[in-house]
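Step one of this worksheet: look at the structure below.
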Amino acid sequence: MEAFDVIRWTTRGLISGSCRPTVIGLENVPKDGPFIVAPNHLSFLDSVIVQALMPRGVAFFAKAEYFTGKGLKGRAMKAFFEAVGSIPVERGEQAASVQALKTLLDILDAGKGIGIYPEGTRSRDGLLYRGRTGVGWLALTTGAPVIPVGLIGTDKLQSIETNAVRPQHFTMKVGEPLYFEKTGPDHSLPARREVTDKIMDAIAELSGQERASGYNQSKSAE
C-alpha cells in the first residue's frame, strides 16, 4: 500500500470516527479517467476532508508554506500534503498560480482527479461567492467532467480565528458530473464564464448557501 493510501485511509478513519459525517453521492465520482472536483469553501480543513472521503485521489492547490514548516508539526504537514498529491503554490503571485494551473492539466492528462475552489478562498460569512473562471478554463480545455460538491458545517470544525479543531458533524454532498464540450485552451471568456456559472449553480443547490453577488477576497487583500 502506497503512502497516499495509508495517509488517506488513516485520515478518513479519524474524520469518520470523530465527526460522524453524512456523505452523500460518492457514486457520482467516475471510477476511472480524469475528473475535476469543485467544492464550496468554508474551512481550512475542506481539502483534507475531500481528499480523505473521496473514493479516488484528489489533488488540490496548497499554500507553499505548508511544505516548509519547521518542527514536528511542520514535517507532519509536509508529509501529508506531499502524500495526497497537493500542489504547492505561492498565493498572490500570479505567475506561480498560472504555472500551478498548468500542473493541474498534467494531472488530468494522466487520468487522475484534481480539486479547485471556484470561490478562490474561504467564505468567512457563510455566503457562496461568485466563481472565478479557472474551473471553467480547466473544464473546457480538458473536457474532464466536473463534480460539484456541497460542504455543510465544516466551518464549525475550525473557526477563522483559531487553529484549534473541534470535532463536529458535517455533511458532504457530491453532485452528478457536469459535462462540457472540450474546446481546448482556445475558447472565449464568455464561454468560460457560462461554464463557471453553471458549476456554481450546482454547488449552490448542494450546499444550500445564500449567494453573494461579487467575488470573495482574501483577508490580506482587504
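Nothing fancy with the numbering, it's 1 onward along the sequence.
- We find the OG-OH distance between S86 and Y66 to be 10.5 Å, quoted to the nearest 0.5 Å.
- R56 contributes a side-chain N or O that, together with a main-chain N or O of P30, makes up a donor-acceptor pair within less than 3.5 Å.
- Cluster annotation: M54 and I24 are assigned to distinct hydrophobic clusters (Ile/Leu/Val/Met/Phe/Trp/Tyr, side-chain heavy-atom contacts under 4.5 Å, transitive).
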For V195 and W137, what are the C-alpha separation, side-chain angles and deciding distance, and is it a side chain to side chain contact (heavy atoms under 4.5 Å, CB included)? CA-CA 9 Å; V195 166; W137 183 85; over 6 Å; no
Check against salt bridge (Lys or Arg N to Asp or Glu O under 4.0 Å), R193 and D197: CA-CA 6 Å; R193 177 78 264 164; D197 288 344; 3.1 Å; yes
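- Taking OG of S18 as the start and NE2 of H169 as the end, the distance is 11.5 Å to the nearest 0.5 Å.
- Applying the side-chain hydrogen bond (donor to acceptor under 3.5 Å, both in side chains) test between H187 and each of E181, R192, K182 identifies R192 as the sole match.
- The backbone N or O of V165 sits nowhere less than 3.5 Å from a side-chain atom of Q158 that would complete a donor-acceptor pair.
- Inspection of the Y117 and S47 side chains reveals an N or O donor paired with an N or O acceptor under 3.5 Å.
- Shortest non-hydrogen contact noted between L206 and G175 is CD1-N, 3.6 Å.
- A donor-acceptor pair under 3.5 Å is formed between the side chain of Q51 and the backbone N or O of V58.
- A 4.5 Å side-chain heavy-atom check between T171 and L151 finds every atom pair outside the cut-off.
- Here side-chain hydrogen bond (donor to acceptor under 3.5 Å, both in side chains) pairs that include residues 27-41, with residues two or more places apart or in two chains, are N40-Q209, H41-D46.
- A heavy-atom distance below 4.5 Å is found between the side chains of F180 and I199.
- In terms of modelled atom types and a separation under 3.5 Å, the side chain of R130 and the main chain of Y215 share no donor-acceptor contact.
- Side-chain heavy atoms closer than 4.5 Å link hydrophobic residues (I, L, V, M, F, W, Y) into clusters, and following such links, possibly through other members, connects I116 to L128.
- Between E205 atom CD and K173 atom NZ the span is 9.0 Å, to the nearest 0.5 Å.
- The shortest side-chain heavy-atom distance between V29 and F35 falls under the 4.5 Å cut-off.
- Shown here for K198 and L178, the closest heavy-atom pair between the two residues is O-CD1, 4.3 Å.
- Here the side chain of S188 pairs a donor or acceptor atom with the backbone of A191 at under 3.5 angstrom.
- Taking NZ from K112 and CG from L104, the interatomic distance works out to 13.0 Å, rounded to the nearest 0.5 Å.
- For the pair V50 and P39, the tightest heavy-atom approach, listed with the atom from each and the gap, is CG2-CG, 4.4 Å.
- Pairing each heavy atom of E119 with each of M200, the nearest pair is CG-CE, 4.2 Å.
- Tracing side-chain contacts under 4.5 Å through hydrophobic residues (I, L, V, M, F, W, Y), one reaches L108 starting from I87; they form part of the same cluster.
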Applying side chain to side chain contact (heavy atoms under 4.5 Å, CB included) to V149 and M172, what does each step give before you reach the verdict? CA-CA 7 Å; V149 172; M172 184 175 86; 3.8 Å; yes
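- Here T11 contributes atom OG1 and L53 contributes atom CG; the two are 9.5 Å apart, rounded to the nearest 0.5 Å.
- The two residues P177 and P145 make their nearest non-hydrogen contact at CB-CB, 4.1 Å.
- Note on L127: it does not cluster hydrophobically with I203, by side-chain heavy-atom contacts below 4.5 Å among ILVMFWY residues.
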Start with the C-alpha distance between R211 and D201, add both sets of side-chain angles, then the distance that settles salt bridge (Lys or Arg N to Asp or Glu O under 4.0 Å), and finish with yes or no. CA-CA 9 Å; R211 306 286 288 271; D201 289 343; 3.2 Å; yes
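- Atom CG of residue D155 and atom CG of residue L42 lie 5.0 Å apart, to the nearest 0.5 angstrom.
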Which is it for S213 and Y129 under the side chain to side chain contact (heavy atoms under 4.5 Å, CB included) test, yes or no, and what are the steps along the way? CA-CA 7 Å; S213 59; Y129 285 83; over 6 Å; no
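- Between F44 and F81, the ring planes are perpendicular. Angles over 60° get that label, and only those under 30° would be called parallel.
- Side-chain atoms of S16 never come within 3.5 Å of backbone atoms of G13 as a donor-acceptor pair (strictly under, hydrogens ignored).
- Summarising the geometry of P167 relative to C19, their closest heavy-atom pair is CA-SG, 4.0 Å, with the distance given to 0.1 Å.
- Hydrophobic clustering of Ile, Leu, Val, Met, Phe, Trp and Tyr side chains at less than 4.5 Å, counting indirect connections, unites V37 with V48.
- You'll find the side chain of I15 reaches within 4.5 Å of the side chain of I49, heavy atoms only.
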Walk me through it: do F170 and I152 pass the test side chain to side chain contact (heavy atoms under 4.5 Å, CB included)? CA-CA 6 Å; F170 65 87; I152 303 169; over 6 Å; no
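- With hydrogens and angles disregarded, a donor-acceptor distance shorter than 3.5 Å links the side chain of N216 to the backbone of T121.
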